[in-house]
Amino acid sequence: MKYDHKKIEKKWQGYWEKNRTFEVDEDSDKKKYYCLDMFPYPSGDGLHVGHPEGYTATDIFSRYLRMHGYNVLHPMGWDAFGLPAENFAIKKSVHPSTTTKKNIDHFRTQIKSLGFSYDWNREVNTASEEYYKWTQWLFLELYTHGLAYKKKAPVNWCPSCQTVLANEQVENGVCERCEHTVVQKELEQWFFKVTQYAEQLLNDLDSLDWPDPIKNAQRNWIGKSEGSLLQFPLVGKNVPTYRYVLLHGYDGSPDGIFFPWLKKELEKRGSSVTVPKLPHSDTPQEQEQVDYVLKHCKFDQCTILFGHSLGAVIALKVAEKLSSPIAGLVLAGGFIENNFRDQPRPFDSTFSWKFDFEKITRNAGNIKIISEQNDYAIPREQGRKIQAALGGSLTEVAGEESHFIGEKEPALLAHLAPTISVFTTRPDTLFGATYMVIAPEHPLIMDKKLGIENHAEVSAYVSNTKKKSERERLHLQKEKTGVELKGVRAVNPATGKEIPIWIADYCVASYGTGAIMAVPAHDQRDFEFAKKFGLPITMVICPHYPAPTCPVRDEAYIGPGHLVESGQFTGMASTEATHEITNFAGGVTKINYKIRDWLISRQRYWGAPIPIIYCEACGEVPVPQIDLPVFLPTDVDFRPTGESPLTRSASFHDVKCPSCGAHARRESDTMDTFVCSSWYFLRYSSAHSANAPFEKEKIEYWLPVDMYVGGAEHAVLHLLYARFITKALRDMGYLNFSEPFSRLRNQGLILGEDGEKMSKSRGNVINPDEIIELYGADTMRLYEMFMGPFEDAKPWSTKSIIGIRRFLEKVWRVYECQRDRIKWTESKILEKMIHKTVKKVTEDIVTFKFNTAISALMICTHALTDTHAKGEKIPISYLEKFILLLSPFAPHMAEELWQGLGKTDALAFHPWPTYDPTFLEEEMYKLIIQINGKVRDSIEISKETTEDEIKKIALGRETTQKWLEGKTISHVIVIPNRLINIVVE
RNA sequence: GCCCGGGUGGUGGAAUGGUAUACACGAGGGACUUAAAAUCCCUUGCCGUAAGGCUUGCGGGUUCGACUCCCGCCCCGGGUACCA
């Protein structure tokens with residue numbers, strides 16, 4: 001009978017489906033293993049030959065583990081939301097849901113035709129209501145835990161796709177999908193607070209069995225750097241100087257927390273500062289304290305009144321009582337209601353919580369409200385309430401300590417005095433900071449009060465930068481441009497000298513503080529800029545100390561050394577100076593990350609709607625869980641206009657506020673598809689659960705994923721987001737593990753026959769259906785595994801597939817010929833061979849070296865064929881072992897042959913064959929004889945041969961003698977069981 | 001620029017300090033056949049008639065011995081982009 005792959009493959013695929021062979025349940029008696037593929041986006045092009053590469057690897061691994069008694073969860077699903085379906089819909093007027101359904105059906109058929117052992121009962125589809133309901137649930141959970149927030153942000157806007165792109169979807173300034181130039185636009189956007197987990201996302205990488213390049217890419221993406229935050233005061237003839245009155249809080253004093261530091265910093269800037277010691281600070285009386293302040297402090301149009309905590313309340317009361325306006329009122333960690341997050345305080349009887357806001361507003365001048373992000377005492381909404389009552393600007397910042405009780409609080413200083421904050425990793429070079437640079441987007445430029453004299457020139461530079469797309473910036477290479485701000489200068493906090501401030505696009509707004517101290521002698525970029533614009537370059541780190549001089553070089557010196565020209569620090573090692581100078585300059589040490597919060601809003605139709613409702617009265621209201629899902633309406637005109645398509649659906653858009661019942665509107669943006677894929681691996685555990693995204697017991701049994709396989713293109717985005725969501729859900733109490741994927745392996749790219757990346761435009765795309773039709777699924781699976789190392793990129797070769805097909809036919813023939821004459825027989829050669837093969841294949845599967853495993857199967861097959869050709873019979877147990885070894889790779893043929901041997905049990909769960917190492921031991925070995933490291937001869941000898949005997953035998957050989965003639969032996973090296981090297985002359 | 005990979009026959013690749021080129025494709029030759037296909041066998045790194053010499057991107061080094069370890073360089077692929 002001929003090997004008929006079509007008949008056999010159809011037969012066994014039907015068998016597995018009918019018998020639900022690969023459907024699994026929790027079974028506490030068995031060890032679990034969760035083996036997962038990255039689920040595909042079901043594109044209209046159908047399956048690509050790259051897909052089965054990873055799927056085959058996980059299938060081999062899953063089948064291997066089942067044969068070791070593991071309960072293997074091996075699921076498949078669809079990452080079904082996304083732009084291509086919507087773009088196709090716009091072009092062809094077919095609804096995305098129709099296209100997606102069709103594509104999924106096609107993908108499923110194609111994947112099933114390869115005979116993978118998936119549990120199809122757990123299939124998930126991110127675009128289904130049953131799934132995105134829980135994606136919305138996830139959003140709400142993040143929202144209620146403060147991990148989802150909205151803010152106006154400059155976003156990457158693709159004019160062609162008419163959508164916002166995440167930073168990571170922009171490549172070289174163009175859209176990663178359509179390659180149009182991306183522009184900047186300001187929009188209200190939803191974010192997930194990934195930055196809150198930056199440190200954990202970095203540290204936990206160490207515990208993972210992932211490829212090093214992937215871990216590295218994530219480390220670089222998170223981009224941790226340690227440095228200092230330094231304040232550079234602004235001066236200039238138009239920059240005003242103020243007189244400050246600083247009011248401490250409940251149980252505080254002028255000597256407490258940041259007050260001494262703040263006073264000193266302000267005085268350094270030439271201001272006078274009064275910090276009154278408020279009477280009875282531990283049992284404060286409103287009247288007494290207000291009167292004290294009014295009596296002991298002077299208020300005029302140059303005064304800035306500052307209050308911290310309860311001091312802010314006093315400041316408000318003082319402002320209320322003034323007869324003429326002051327320059328400004330700054331409230332830090334302030335409040336206007338007597339309730340606190342942590343514990344009650346005894347202000348009720350001694351304070352009146354009534355304020356004449358109108359009068360305060362009239363007297364207070366410029367009002368700034370600063371709340372602390374993680375304030376333990378003051379409720380979050382207090383900042384907003386004060387702003388609602390008084391107006392002014394509200395900023396939420398992270399203090400050095402909760403409620404601003406650190407010894408230094410630079411954020412407060414920055415709001416009190418005109419100051420530029422910079423982040424630097426090299427505070428040791430501060431004495432060499434000869435100028436400053438701020439980014440074109442820096443808010444300082446918009447500050448009219450500073451009196452920038454060349455405003456026209458500066459504005460021209462700013463708008464020029466905005467016009468320059470990212471791509472143009474790249475084309476201009478590293479040519480530095482910039483404009484000096486006239487009429488305003490900064491003071492180097494170490495030298496006390498005034499230095500110029502420049503605006504230049506080599507300083508980017510999105511990192512650090514958007515401003516830098518420029519140290520041209522020790523930073524290459526600053527060096528180039530200083531050279532171009534003739535700015536002073538001062539060496540402050542000398543590599544060879546002590547040296548008589550430390551001349552400026554042709555490039556920046558970035559290494560370590562000893563300080564010179566650095567006042568009291570001269571002579572100190574640069575490494576040591578880092579902390580010393582930070583303290584001296586009144587700065588604080590700070591850790592900065594490159595990673596930004598995850599922008600998840602998309603102005604698109606084909607995604608999960610963000611479950612938020614906007615109400616005039618109640619503000620932003622989350623959709624109650626019971627109302628989920630927020631259905632994606634089907635009757636929407638989704639053609640792109642720049643607005644979210646959902647705003648054009650009145651039935652979707654107009655709703656009642658869940659909180660007050662008034663007329664309200666829905667959020668019309670949808671979520672980034674990466675949100676859907678950041679939790680799907682949890683859903684597989686409980687794919688049918690209607691009442692929860694996943695069930696606790698099931699999660700505890702199956703998760704985390706033990707082996708995850710997919711393309712390296714997801715090195716940062718998907719994997720980082722999934723890790724973030726896992727940690728967030730863990731902290732909410734839903735999960736008891738920190739990392740979703742314990743082991744990760746990346747499949748290498750399959751290139752076209754021309755060695756280039758497969759693409760429609762190149763016309764080098766291979767259709768897997770044709771290969772399966774012609775050669776069969778087993779051949780396809782084996783070929784993709786045999787091409788080369790799993791993780792390497794490798795070119796497709798249709799020509800070479802025939803070799804795999806020949807191999808399978810050869811296996812088939814061995815069994816055909818043996819079928820009627822099988823019986824036990826002795827054969828030493830085959831015994832060794834079969835044990836060797838079991839060992840090699842077993843080791844290679846666990847290390848993902850499938851190509852050499854297949855090579856071992858081929859070698860074994862040759863031996864079987866040879867034995868048969870000699871008219872000898874092959875022991876049935878060897879034939880069985882061989883089928884078992886072959887079965888993870890070519891399961892259809894293996895099942896068929898297994899049945900042919902008269903077996904009735906399920907091959908899928910049959911124990912994996914074992915090998916006996918004693919059969920692998922050889923009595924004889926081939927001794928290599930080298931002379932001066934070159935192979936000259938070899939001889940079969942016994943393993944028992946001693947070193948001396950080896951020497952004698954080797955030296956006695958005629959061939960050896962020929963090479964040794966006329967030479968002197970200097971020494972001889974014998975490596976037992978391997979070789980002898982005779983070194984001559 | 002920086003960070004990762006990688007460079008071995010005509011081709012895909014094997015070998016992680018010990019016989020470089022396993023396995024497969026392709027090519028050449030042979031057997032079987034009326035013939036072809038299929039199958040089976042042999043040959044196949046390069047130079048050389050041969051003895052022999054040379055050979056893992058290039059140049060050095062360590063070692064009795066290096067594809068493998070170290071230093072310098074070249075080339076190819078991927079990621080990243082003035083990150084202070």
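Worth saying up front: this structure is predicted, and the values here are computed from it rather than measured.
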Would you say a side-chain N or O of R806(A) is under 4.0 Å from OP1 or OP2 of C25(B)? yes
Nearest to side-chain heavy atoms of M858(A), which nucleotide of C3(B), C82(B), C23(B): C23(B)
Relative to each other, are the rings of F850(A) and F848(A) parallel, tilted or perpendicular (30° and 60° limits)? tilted
What distance, rounded to whole Å, do you find between the two P atoms, one in G6(B) and one in A15(B)? 13 Å
Would you measure the distance from the P atom in G13(B) across to the matching atom in G48(B) and give it in whole Å? 29 Å
Please give the distance between the C1' atoms of A66(B) and G61(B) as a whole number of Å. 11 Å
S800(A) near the nucleic acid: base, sugar-phosphate alone, or nothing, with a heavy-atom cut-off under 4.0 Å? sugar-phosphate
Quick note, V508(A) side chain, CB onward, closest among C3(B), G13(B), C83(B) is C83(B)
If you assign each of N216(A) and T513(A) to its closest nucleotide in RNA chain B, which residue comes earlier from the 5' end? N216(A)
Whole angstroms only, please: what is the CH2-C1' distance between W221(A) and C2(B)? 15 Å
Kindly write out the residues that satisfy side chain to side chain donor-acceptor pair (under 3.5 Å) with T582(A), not counting sequence neighbours, or none if the list is empty. S228(A)
For a quick test of reading the model: is some side-chain N or O of K215(A) closer than 4.0 Å to OP1 or OP2 of C4(B)? no
What's the CH2-P distance between W963(A) and A51(B), to the nearest Å? 11 Å
For Y435(A) and A84(B), what is the distance between atoms OH and C1' respectively, to the nearest whole Å? 11 Å
Do side-chain atoms of N492(A) reach the backbone of A433(A) as a donor and acceptor pair under 3.5 angstrom? yes
Pair K794(A) + E53(A), salt bridge at N-O below 4.0 Å: yes
Distance, P atom - from C74(B) to G29(B), rounded to whole angstrom: 46 Å
Taking the C1' atom in each of G45(B) and C83(B), what is the distance between them to the nearest angstrom? 50 Å
Any S855(A) side-chain nitrogen or oxygen under 4.0 Å from OP1 or OP2 of A24(B): no
Residues S421(A), Q231(A); criterion side chain to side chain donor-acceptor pair (under 3.5 Å); working and verdict: CA-CA 5 Å; S421(A) 312; Q231(A) 309 292 330; 3.0 Å; yes
Pairing string, 5' to 3', for RNA chain B - Watson-Crick or wobble contacts under 3.5 Å, brackets [ ] where pairs cross, | to another strand: (((((((..(((.....[....)))((((((.......))))))(((....)))..(((((..]....))))))))))))....
Is D844(A) salt-bridged to K840(A), cutoff N-O under 4.0 Å? yes
Less than 4.0 Å between a side-chain N and a carboxylate O, is that true for E940(A) and K926(A)? no
Starting at CG of L886(A), measure out to SG of C860(A) and round the result to the nearest 0.5 Å. 10.0 Å
For G9(B), does the O4'-C1'-N9-C4 (purine) or O4'-C1'-N1-C2 (pyrimidine) torsion place it in syn, i.e. within 90° of 0, or in anti? syn
H862(A) NE2 - U39(B) C1' separation (whole Å): 14 Å
Spacing of the C1' atoms in C42(B) and G79(B) (rounded, Å): 49 Å
E756(A) side chain to R762(A) main-chain N or O, any donor-acceptor pair under 3.5 Å? no
For the pair R525(A) and D523(A), find out whether any cationic side-chain nitrogen is under 4.0 Å from an anionic carboxylate oxygen. yes
Atom OH of Y593(A) to atom P of A84(B): distance rounded to whole Å? 14 Å
Using the P atom as the reference point in each nucleotide, state the distance between C47(B) and C40(B) in Å, no decimals. 30 Å
Would you classify S510(A) as touching base, sugar-phosphate or nothing, given that sugar-phosphate means primed atoms plus P, OP1 and OP2, and contacts are heavy atoms under 4.0 Å? nothing
So what does D866(A) hit on the nucleic acid, given a heavy-atom distance under 4.0 Å: a base, only sugar-phosphate, or nothing? sugar-phosphate
Is T424(A) touching bases, backbone alone, or none of the nucleic acid, heavy atoms closer than 4.0 Å? sugar-phosphate
If you measure from the Lys or Arg side-chain nitrogens to the Asp or Glu carboxylate oxygens, is any gap between K532(A) and E528(A) under 4.0 Å? no
Salt bridge between R745(A) and D209(A), side-chain N to carboxylate O under 4.0 Å? yes
In whole angstrom, give me the gap between the C1' atoms of U63(B) and C73(B). 23 Å
If you check the D505(A) side chain, which of C83(B), C82(B), U39(B) turns out closest? C82(B)
Among G26(B), G53(B), C23(B), which nucleotide sits nearest the side chain of I802(A)? G26(B)
Using a cut-off of 4.0 Å on non-hydrogen atoms, how would the nucleic acid contact of K757(A) be classed: base, sugar-phosphate, or nothing? nothing
May I have the distance from K794(A) (atom NZ) to G7(B) (atom P), rounded to whole angstrom? 14 Å
Does R936(A) reach a base, just sugar-phosphate, or nothing at all? Heavy atoms under 4.0 Å. sugar-phosphate
Between atom NZ in K2(A) and atom P in A37(B), what is the gap in whole Å? 16 Å
Provide, to the nearest angstrom, the distance between the CG atom belonging to D526(A) and the C1' atom belonging to A84(B). 7 Å
For M785(A) and I854(A), run side-chain contact (heavy atoms from CB on, under 4.5 Å): C-alpha distance rounded to whole Å, both residues' side-chain angles, the deciding distance at 0.1 Å, then the answer. CA-CA 8 Å; M785(A) 293 301 100; I854(A) 293 166; 3.6 Å; yes
Determine, for nucleotides 14-19 of chain B in 5'-to-3' order, which nucleotides have protein heavy atoms under 4.0 Å from the base (write B), from only the sugar-phosphate (write S), or from neither (write -). SS--BB
Identify which nucleotide among G26(B), C83(B), A22(B) has an atom closest to any side-chain atom of Y511(A), counting heavy atoms from C-beta outward. C83(B)
If you assign G512(A) and A793(A) each to the RNA chain B nucleotide with the nearest heavy atom, which residue ends up on the more 5' nucleotide? A793(A)
Side-chain contact check for R813(A): nearest option of U39(B), C83(B), G12(B) is U39(B)
Regarding H522(A), tell me which of base, sugar-phosphate or nothing describes its non-hydrogen contacts under 4.0 Å with the strands shown. nothing
